[in-house]
**Student:** 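Could you have a look at this structure, given as C-alpha coordinates, before my questions?
Reckoned from all heavy atoms, side chains included, excluding hydrogens, waters and symmetry mates. Counting from 1, the numbers follow the sequence of the chain as shown.
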Amino acid sequence: MESPIRQLIDTVAWVLIDNGRILCARPRGKDVFYIPGGKREGAETDLETLVREVAEELTVELSAETAVHVGTYEAHVSHDEDTVVRMACYTAEYRGVLTASSEIEALAWFGFGDRDLVPPVDQLLFDDLAASGALR
(Lines give C-alpha, C1' and ligand atoms only; values in the text may rest on other atoms or scores of the structure.)
Protein backbone atom coordinates (compact mmCIF):
# COMPACT_ATOMS: atom_id res chain seq x y z
CA MET A 1 0.00 0.00 0.00
CA GLU A 2 1.34 3.40 -0.98
CA SER A 3 2.00 5.82 1.88
CA PRO A 4 -0.09 8.99 2.09
CA ILE A 5 1.45 12.20 0.83
CA ARG A 6 2.35 14.35 3.81
CA GLN A 7 4.24 17.05 1.94
CA LEU A 8 3.99 18.34 -1.63
CA ILE A 9 6.91 20.32 -3.02
CA ASP A 10 5.56 22.41 -5.90
CA THR A 11 8.26 23.36 -8.42
CA VAL A 12 8.75 24.56 -11.98
CA ALA A 13 11.60 23.65 -14.32
CA TRP A 14 13.15 25.03 -17.49
CA VAL A 15 13.67 22.48 -20.24
CA LEU A 16 16.56 23.53 -22.45
CA ILE A 17 17.60 20.96 -25.02
CA ASP A 18 20.52 21.32 -27.39
CA ASN A 19 21.64 18.60 -29.79
CA GLY A 20 19.69 15.88 -27.97
CA ARG A 21 20.97 16.83 -24.51
CA ILE A 22 19.23 18.66 -21.65
CA LEU A 23 20.78 21.31 -19.41
CA CYS A 24 21.10 20.25 -15.76
CA ALA A 25 22.51 22.08 -12.75
CA ARG A 26 24.04 20.94 -9.47
CA PRO A 27 23.43 23.32 -6.57
CA ARG A 28 26.37 24.16 -4.34
CA GLY A 29 26.73 21.58 -1.57
CA LYS A 30 24.56 18.94 -3.30
CA ASP A 31 25.64 15.79 -5.09
CA VAL A 32 22.65 15.54 -7.45
CA PHE A 33 21.92 17.36 -10.71
CA TYR A 34 18.47 18.85 -11.31
CA ILE A 35 16.60 20.45 -14.20
CA PRO A 36 17.05 24.22 -13.56
CA GLY A 37 14.15 25.87 -11.75
CA GLY A 38 12.76 25.85 -8.26
CA LYS A 39 9.94 26.50 -5.82
CA ARG A 40 7.41 29.29 -6.13
CA GLU A 41 7.36 32.12 -3.61
CA GLY A 42 3.98 33.25 -2.32
CA ALA A 43 1.36 33.61 -5.04
CA GLU A 44 3.80 33.51 -7.98
CA THR A 45 2.55 31.91 -11.18
CA ASP A 46 4.51 29.13 -12.84
CA LEU A 47 6.05 31.57 -15.31
CA GLU A 48 6.92 34.19 -12.68
CA THR A 49 8.64 31.47 -10.66
CA LEU A 50 10.44 30.10 -13.70
CA VAL A 51 11.75 33.50 -14.84
CA ARG A 52 12.96 34.37 -11.32
CA GLU A 53 14.57 31.01 -10.58
CA VAL A 54 16.39 30.75 -13.91
CA ALA A 55 17.72 34.30 -13.54
CA GLU A 56 18.94 33.46 -10.02
CA GLU A 57 20.56 30.15 -11.02
CA LEU A 58 21.81 30.73 -14.57
CA THR A 59 22.00 34.54 -14.93
CA VAL A 60 19.90 34.59 -18.12
CA GLU A 61 16.55 36.23 -18.81
CA LEU A 62 13.76 33.96 -19.98
CA SER A 63 11.24 35.33 -22.43
CA ALA A 64 7.97 34.42 -20.66
CA GLU A 65 5.91 35.05 -23.78
CA THR A 66 7.74 32.20 -25.55
CA ALA A 67 7.16 29.67 -22.75
CA VAL A 68 5.50 26.39 -23.71
CA HIS A 69 4.31 23.85 -21.14
CA VAL A 70 6.04 20.51 -21.78
CA GLY A 71 4.35 18.54 -19.01
CA THR A 72 3.82 18.26 -15.28
CA TYR A 73 5.33 15.34 -13.39
CA GLU A 74 5.00 13.99 -9.86
CA ALA A 75 7.24 11.53 -8.02
CA HIS A 76 8.15 10.64 -4.47
CA VAL A 77 11.42 12.03 -3.16
CA SER A 78 13.89 9.14 -3.27
CA HIS A 79 14.81 9.34 0.43
CA ASP A 80 11.32 10.27 1.74
CA GLU A 81 8.22 8.31 0.72
CA ASP A 82 5.95 10.85 2.48
CA THR A 83 7.05 13.70 0.21
CA VAL A 84 6.11 14.20 -3.44
CA VAL A 85 7.66 16.67 -5.85
CA ARG A 86 5.42 18.17 -8.53
CA MET A 87 7.42 19.70 -11.38
CA ALA A 88 5.74 21.80 -14.08
CA CYS A 89 8.14 21.91 -17.05
CA TYR A 90 8.42 24.63 -19.68
CA THR A 91 10.59 25.47 -22.63
CA ALA A 92 11.31 29.16 -23.27
CA GLU A 93 13.72 31.28 -25.25
CA TYR A 94 16.36 33.20 -23.31
CA ARG A 95 18.67 36.19 -23.56
CA GLY A 96 22.17 36.26 -22.14
CA VAL A 97 24.98 33.81 -21.58
CA LEU A 98 24.33 30.69 -19.51
CA THR A 99 26.49 31.08 -16.42
CA ALA A 100 26.29 29.24 -13.11
CA SER A 101 25.43 31.70 -10.33
CA SER A 102 26.93 31.56 -6.85
CA GLU A 103 24.26 29.03 -5.80
CA ILE A 104 25.11 26.62 -8.65
CA GLU A 105 28.30 24.58 -8.46
CA ALA A 106 28.15 22.94 -11.89
CA LEU A 107 26.24 22.86 -15.17
CA ALA A 108 26.12 19.82 -17.43
CA TRP A 109 24.40 18.66 -20.61
CA PHE A 110 22.84 15.24 -20.02
CA GLY A 111 21.63 12.65 -22.47
CA PHE A 112 19.21 9.82 -21.69
CA GLY A 113 22.14 7.68 -20.53
CA ASP A 114 22.61 10.11 -17.62
CA ARG A 115 19.04 9.51 -16.37
CA ASP A 116 20.20 7.83 -13.14
CA LEU A 117 22.08 11.00 -12.13
CA VAL A 118 18.87 13.03 -11.62
CA PRO A 119 16.02 12.70 -9.06
CA PRO A 120 12.94 10.51 -9.72
CA VAL A 121 10.71 13.38 -10.90
CA ASP A 122 13.36 14.52 -13.40
CA GLN A 123 13.66 10.91 -14.63
CA LEU A 124 10.00 11.02 -15.70
CA LEU A 125 10.77 14.07 -17.86
CA PHE A 126 13.82 12.28 -19.30
CA ASP A 127 11.58 9.31 -20.23
CA ASP A 128 9.07 11.51 -22.08
CA LEU A 129 11.79 13.49 -23.86
CA ALA A 130 13.52 10.27 -24.97
CA ALA A 131 10.22 8.78 -26.17
CA SER A 132 9.59 11.89 -28.28
CA GLY A 133 13.10 11.76 -29.75
CA ALA A 134 14.14 15.08 -28.19
CA LEU A 135 16.62 13.50 -25.77
CA ARG A 136 19.27 11.04 -26.96
Side-chain angles (χ1 to χ4, degrees):
M1 183 164 132
E2 205 168 305
S3 64
I5 298 171
R6 297 217 173 106
Q7 181 180 10
L8 176 68
I9 301 171
D10 189 22
T11 67
V12 296
W14 182 40
V15 177
L16 180 62
I17 297 175
D18 185 28
N19 199 24
R21 300 176 77 72
I22 187 168
L23 181 65
C24 293
R26 183 167 48 84
R28 197 161 298 288
K30 304 270 185 179
D31 59 359
V32 175
F33 279 85
Y34 300 88
I35 306 301
K39 300 177 207 167
R40 78 181 76 247
E41 293 180 356
E44 282 181 327
T45 66
D46 281 2
L47 293 182
E48 289 168 339
T49 304
L50 189 67
V51 168
R52 177 185 52 75
E53 284 286 346
V54 169
E56 288 174 4
E57 293 179 359
L58 305 173
T59 70
V60 295
E61 182 183 347
L62 290 187
S63 176
E65 63 275 4
T66 67
V68 176
H69 184 249
V70 174
T72 299
Y73 303 90
E74 288 188 6
H76 285 277
V77 173
S78 56
H79 62 277
D80 179 1
E81 282 297 312
D82 291 339
T83 302
V84 167
V85 175
R86 175 184 299 141
M87 183 175 71
C89 301
Y90 295 85
T91 59
E93 295 175 14
Y94 70 96
R95 289 180 289 282
V97 177
L98 291 169
T99 307
S101 73
S102 61
E103 64 185 60
I104 300 298
E105 192 159 2
L107 297 176
W109 292 94
F110 283 179
F112 187 71
D114 301 306
R115 180 183 183 275
D116 291 342
L117 301 176
V118 298
V121 72
D122 294 36
Q123 291 177 6
L124 298 174
L125 171 64
F126 272 48
D127 293 344
D128 276 0
L129 293 172
S132 74
L135 191 64
R136 293 189 247 150

**Student:** Backbone N or O of Thr45 within a donor-acceptor pair of the Thr49 side chain at under 3.5 Å?
**Tutor:**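 Between the backbone of Thr45 and the side chain of Thr49 there is a qualifying donor-acceptor contact (under 3.5 Å).
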**Student:** Establish whether Tyr34 and Val118 are linked, either directly or via other cluster members, by ILVMFWY side-chain heavy-atom contacts under 4.5 Å.
**Tutor:** no
**Student:** Considering all heavy atoms of both residues, which atom of Cys24 and which atom of Pro36 are nearest to each other, and what is their separation?
**Tutor:** CA-CD, 4.2 Å
**Student:** Heavy-atom count check: over 12 atoms from other residues, nucleotides or ligands less than 6.0 Å from Glu93 CD?
**Tutor:**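 Atom CD in Glu93 is not crowded, with 12 or fewer foreign heavy atoms closer than 6.0 Å.
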**Student:** Classify the angle between the aromatic ring planes of Phe112 and Phe126 as parallel (below 30°), tilted (30 to 60°) or perpendicular (above 60°).
**Tutor:**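 The rings of Phe112 and Phe126 sit tilted, inter-plane angle from 30° to 60°.
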**Student:** Short question: side chain of Asp114, backbone of Gly111 - any donor-acceptor pair under 3.5 Å?
**Tutor:**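 Flag set: sc Asp114 to bb Gly111 pair under 3.5 Å.
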**Student:** Regarding Arg40 and Asp46, does a basic nitrogen lie under 4.0 Å from an acidic carboxylate oxygen?
**Tutor:** yes
**Student:** If hydrophobic clusters are built from ILVMFWY residues whose side chains come within less than 4.5 Å, do Val15 and Val85 share one?
**Tutor:**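 As far as the 4.5 Å side-chain criterion goes, Val85 and Val15 are connected within one cluster.
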**Student:** Does Glu57 use its side chain to pair, donor to acceptor, with the backbone of Gly37 at less than 3.5 Å?
**Tutor:**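 Yes; judged by distance alone, with no hydrogens or angles, the pair exists.
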**Student:** For the CG atom of Leu117 and the CZ atom of Phe33, what is their distance to the nearest 0.5 Å?
**Tutor:**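 Leu117 atom CG to Phe33 atom CZ measures 8.0 Å (nearest 0.5 Å).
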**Student:** Identify, with sequence neighbours excluded, every residue that meets salt bridge (Lys or Arg N to Asp or Glu O under 4.0 Å) alongside Arg52.
**Tutor:**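 Only Glu41, Glu44, Glu56 meet the salt bridge (Lys or Arg N to Asp or Glu O under 4.0 Å) criterion with Arg52.
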**Student:** Using 0.5 Å steps for rounding, measure from the CD1 atom of Ile9 to the CE atom of Met87.
**Tutor:**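 One finds 12.5 Å between CD1 of Ile9 and CE of Met87.
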**Student:** So if you build clusters from Ile, Leu, Val, Met, Phe, Trp, Tyr with side-chain heavy-atom gaps below 4.5 Å, do Ile17 and Val70 land together?
**Tutor:**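 Hydrophobic grouping puts Ile17 with Val70.
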**Student:** Do the side chain of Arg28 and the main chain of Ser102 share a donor and acceptor less than 3.5 angstrom apart?
**Tutor:**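 Side chain of Arg28 to backbone of Ser102, a donor-acceptor pair under 3.5 Å: yes, one is there.
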**Student:** Give a yes or no on whether Val77 and Leu125 share a hydrophobic cluster (residues Ile, Leu, Val, Met, Phe, Trp, Tyr; joining criterion: side-chain heavy atoms under 4.5 Å apart).
**Tutor:**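 Same cluster: Val77 reaches Leu125 through Ile, Leu, Val, Met, Phe, Trp or Tyr contacts under 4.5 Å.
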**Student:** In sequence, state the C-alpha distance, the side-chain angles, and the governing distance for Arg86 and Glu74, and then conclude on salt bridge (Lys or Arg N to Asp or Glu O under 4.0 Å).
**Tutor:** CA-CA 4 Å; Arg86 175 184 299 141; Glu74 288 188 6; 2.7 Å; yes
**Student:** How does the hydrophobic cluster around Leu47 look, that is, which other residues are in it when side-chain heavy atoms under 4.5 Å mark a link?
**Tutor:**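 When side chains under 4.5 Å apart are linked, the cluster holding Leu47 also contains Val12, Trp14, Leu16, Leu23, Leu50, Val51, Val54, Leu58, Val60, Leu62, Tyr90, Tyr94, Leu98, Ile104, Leu107, Trp109.
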**Student:** Between Ile22 and Ile35, what is the shortest heavy-atom contact and its length?
**Tutor:**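 Closest heavy-atom pair between Ile22 and Ile35: CD1-CD1, 3.6 Å.
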**Student:** If you look at every heavy atom in Ser132 and Leu129, which pair is closest and at what distance?
**Tutor:** OG-O, 2.9 Å
**Student:** Rounded to the nearest 0.5 Å, how far does CD of Glu81 lie from NE2 of His76?
**Tutor:** 5.0 Å
